[in-house]
Each structure stands twice: as C-alpha cells, then as structure tokens.
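Reading through the structure tokens given below for one structure.
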Protein chains: 2
Amino acid sequence: MSPPLSPVRTRNAAATRTAILEAARRRFAHEGYDQTGLRDIASDAGVDAALISRYFGGKEELFEEVLTCGPNIAEFLDGDRDSFGERVAQMLAVEPMREEKFELFLIMLRSASSPKAAEAIRRHSHDAFYQPLETWLGGDDAAVRARLLSCVMMGATMNRVIHEDYLLDGQQRQELCEALARTLDNYVSGPV
Amino acid sequence: MSPPLSPVRTRNAAATRTAILEAARRRFAHEGYDQTGLRDIASDAGVDAALISRYFGGKEELFEEVLTCGPNIAEFLDGDRDSFGERVAQMLAVEPMREEKFELFLIMLRSASSPKAAEAIRRHSHDAFYQPLETWLGGDDAAVRARLLSCVMMGATMNRVIHEDYLLDGQQRQELCEALARTLDNYVSGPV
DNA sequence: CCTAGAAGTCACCAACTGATGACATGGCCC
DNA sequence: GGGCCATGTCATCAGTTGGTGACTTCTAGG
C-alpha cells in the first residue's frame, strides 16, 4: 500500500517502533481496526509481523499506542478563536482527506464498530478530544457545545468517507464550507 | 443475543426468509457488517447457517437485501415540515437508541468501514436517504442543505454510539436536543 | 399411503487472523 | 577478535470465517 517510511534502518529498535507505529496509524485510519492485519502493518513498515506482537504485546495494545501517540484536538484549538469555524470547516469540506489532521477522525470512525477498539476509542476521544474542547470552550454549557461541535465534525467526516464527495461539486462544497463555518462558530460563541 | 423472532415456523420458506432478514438487520445494526457472522444471524433466526448462503447467495447479497427492504428516510419526512427539526432532534438526542428508526443510521455507521459493505451503503444512502431528502427540501441549494442535515444526523448518532451518552445528563441532553432542533430547522428552511 | 421435491441439516473445506516459541543474525563491549 | 545479547525471521498453531455439496426430513399432491 505505502512505500517504506524509513528506507534505511539497521537494527535500531526505536526507529523500528516508530516505523511500525506510523504504518499502523495510516492503516488504521484508512482501513479501520478490523480490516487492518498485523501482516499489512508489518509489510508497510518493512518488518516481520511477529515483531509487532513482541514490541507492543498485541494488536489491541498497538492500537492504543497509536491513539495516544497520535495527533489530538489541540491542532484545531490553536489559532484565533474567531476563525475556528472557518479553519475547521475548511478542513472538513475542502481540504483533501488524506491530510494528517483527518487521521484522528478517520481512526475513530472506521474503528468504532470493533469491540476490541471501541473502549480505547471511547476513552481517547474523551481524553484527547472532548475534554480539551470543553476546557477551551469554557462556560456552563461547555459540555453541550462540545457535543454539538463534535456532531458536526464527526458527521461531516462520515459523509465524506461514505460518499467521497461524489455528490457535491466545487461550488456546492464551498457553500457547504461556509454554512459549516457559521454553524461551528455559533456553537463556539453564539447562543446555544 | 435475541429471542427467536418467529417461534412457530414449519418449513415455510417465505417466513424463514423474513426471519433471517430481521435477524440480519438487527445484527448488522448493532454489531456492524464485519462483526456479524452468518452463524450469529442463523442462530438468532433459529436456522442453520448454510441456509443463509442458499437463500441469499452470500453475506454481501444478504446485506444488500437488508438495506433495500429496510426502513428509509421517509419516516422522518412524514409529518409537519415545521416540526421536522424537533422530531429528528428528539430521536437523535433523547429517544433510546434501540428504536427501529435508528437502524438505518446504525447499519451505515457500523458497516461503512467494511469494503464489502461500503459500496452497498454508498448506493443505498444515496438512493434512500439523500435523494428523497433533497427532493423533499427542494430549491437550488437542496443538495447542500441535504448534506448539512446528514452531517448533523450522522454525527449525533456517531457520538451516541461512541459515548453511549455517558457524558451528558438529562438536562444537558435536553439542551442538546433543542440546539439540534434549531440547527436542523435552519438547514431545512433558514438561509443556508 | 406413498413418493417427489422443497426445506433444512451436517460435515467439511480453504482462507485468513493473531499469536508464539525456536531459530538466525548482526552490532557492541571487553 | 570473540562472545553476548538485542534485534529480527521463520515455521507453525489454534481459532474463526464464509461457503459448498451430500445428506436427511418433512410436507403436499395424487
């Protein structure tokens, strides 16, 4: 599927670990937990599959490690508060989905139905998404606002995953982006 | 998992087909395509697993049949246009998720990551969700409005699936419901 | 009552998965 | 240079899955 990430790597445990983690993250994001086999990850990382179980304990532990060492919501929270909606909407509706920013969403969406992965996702999506978002929002109804934001972000990603944007042309995507931005900004600072 | 749906059924092909379809729909909705085995469905339907392949051709064909014979968006489109937001938001945020109305969403969310099921989902979600919704909305920007509605509906369902509502209490859920209703109604008839 | 064929069951297959223990190999320190 | 241990590979296992063909059993029609 992918070219090897670290072409030169000679018996360097740390580098091998990283290569496995990166390969796993990409696989989990683009195919989901169930559809990703240890042999796939190993092949991408240029490593024998047995090594993964030895390094991480097993597939589930690898998945947890991928979640905890990966990107989180902080990226979206950086920057001007007033342009939050526009920044996020741009990513959700316009930017190509292969972006790394998407990986967290994709992993959650594509793996949430696997019982083995569900608990890790639930925990991580709370700790590395909801909680920071809620704190960033502040105020009494931060929890509800965070949920509303999450609904739109998740739903927009889900729709792109299912339909791969076949249904909307560039113009419509632009309109979608603007509408999403308004909704998001409203959830951030408007009346709930 | 579930009690047999048709306790008395003696060599009645049509009834057996229906029993299999119902069992499959529930399984696919609550566990997803990958996690559901033909043996699980057969067990729920009180039938031998071999019968499923013989009746439907295979798991993929069964899945397609479940989608096409199941509920669609029409249920949400019935009733007063002005109360659309409230009705849908009520379902999304308040009503128990075991409701049959949810099954279409759950099937899509929980099975979208399976390549075998993805194409059927894409097609069905277009034919039995987007298209009717777009027609119902009407107007030049119906496609964009349909997408916006879909984002919120999908996202809200996704969040409930992941977090099972642990994060919100009754009061917050009520606030969430009202906010969702406003957003949905705005997408239906407000300025996009 | 009896048989033909539908309805349902059983045993089994090949493919795949995650995992494990035995083995090979290369780099580092003395 | 030589041995040791971390690093990596190989063969293989047990479990599960979807699928298939041969078999049994029950019902309907004569």
Side-chain angles (χ1 to χ4, degrees), chain A residues 1 4-24 27-28 31-66 110-111 113-120, chain B residues 1 4-24 27-28 31-66 110-111 113-120:
Chain A
M1 178 192 187
L5 300 166
S6 315
V8 286
R9 175 174 40 76
T10 56
R11 282 173 121 63
N12 177 341
T16 302
R17 255 187 86 95
T18 304
I20 292 173
L21 278 173
E22 285 186 30
R27 281 279 182 178
F28 285 141
E31 331 230 325
Y33 183 87
D34 284 327
Q35 299 301 320
T36 299
L38 291 183
R39 288 165 177 82
D40 301 326
I41 300 172
S43 159
D44 288 354
V47 156
D48 188 277
L51 208 59
I52 300 182
S53 291
R54 286 167 63 88
Y55 268 45
F56 296 91
K59 193 182 177 184
E60 289 185 57
E61 290 90 331
L62 172 63
F63 186 75
E64 284 222 36
E65 188 99 5
V66 165
R110 293 209 157 105
S111 306
S113 57
S114 313
K116 303 281 186 62
E119 171 56 22
Chain B
M1 177 195 185
L5 299 167
S6 316
V8 287
R9 175 173 41 76
T10 57
R11 283 175 117 67
N12 177 340
T16 302
R17 253 187 87 94
T18 305
I20 292 173
L21 278 173
E22 283 186 32
R27 282 280 183 178
F28 285 142
E31 331 230 324
Y33 183 86
D34 285 326
Q35 299 301 319
T36 299
L38 291 183
R39 287 163 179 81
D40 302 325
I41 300 172
S43 159
D44 289 355
V47 154
D48 188 278
L51 209 58
I52 301 183
S53 292
R54 286 170 61 90
Y55 269 44
F56 296 91
K59 193 182 178 185
E60 289 184 58
E61 289 90 334
L62 171 63
F63 186 74
E64 284 221 37
E65 188 98 6
V66 165
R110 293 209 157 107
S111 306
S113 58
S114 312
K116 303 280 186 63
E119 172 54 22

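All chains are named by letter (A, B, ...) in the order of the sequence lines, taking the proteins before the strands, and each is independently numbered beginning at 1.
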Main-chain N/O of [Y] paired to [X] side chain as donor or acceptor, under 3.5 Å:
X: B:Ser111; Y: B:Ala117; result: no
X: A:Thr18; Y: A:Ala14; result: yes
X: A:Ser43; Y: A:Arg39; result: no

Any heavy-atom pair between the side chains of [Y] and [X] that's under 4.5 Å?
X: B:Phe28; Y: B:Ile41; result: yes
X: A:Gln35; Y: B:Ser113; result: no
X: B:Phe56; Y: B:Arg17; result: yes

Please give, in whole Å, the distance from [N] [atom2] to [X] [atom1]?
X: A:Asn12; N: C:dT25; atom1: CG; atom2: C1'; value: 16 Å
X: A:Leu62; N: C:dT17; atom1: CG; atom2: P; value: 15 Å
X: A:Arg17; N: D:dT7; atom1: CZ; atom2: P; value: 11 Å
X: A:Leu51; N: D:dT9; atom1: CG; atom2: P; value: 7 Å

Would you classify A:Phe56 as touching base, sugar-phosphate or nothing, given that sugar-phosphate means primed atoms plus P, OP1 and OP2, and contacts are heavy atoms under 4.0 Å?
nothing
Just to verify, what does B:Ser114 make a side chain to side chain donor-acceptor pair (under 3.5 Å) with, not counting sequence neighbours?
B:Asp34
Indicate the atoms forming the closest heavy-atom contact of B:Leu38 with B:Ser53, along with that distance.
CD1-OG, 3.9 Å
Quick check on D:dG8: is either OP1 or OP2 less than 4.0 Å from any side-chain nitrogen or oxygen of A:Tyr55?
yes
Is any side-chain N or O of B:Thr16 closer than 4.0 Å to OP1 or OP2 of C:dG8?
yes
Would you list the protein and nucleotides 24-26 of chain D atom pairs, both N or O, that sit under 3.5 Å from each other?
residue, atom, partner, partner atom, Å
D:dT25, O2, B:Arg11, NH2, 2.3

Expected string for nucleotides 16-22 of chain D under the B/S/- scheme (protein heavy atoms, under 4.0 Å, primed atoms plus P, OP1, OP2 as sugar-phosphate) is --BBBB-
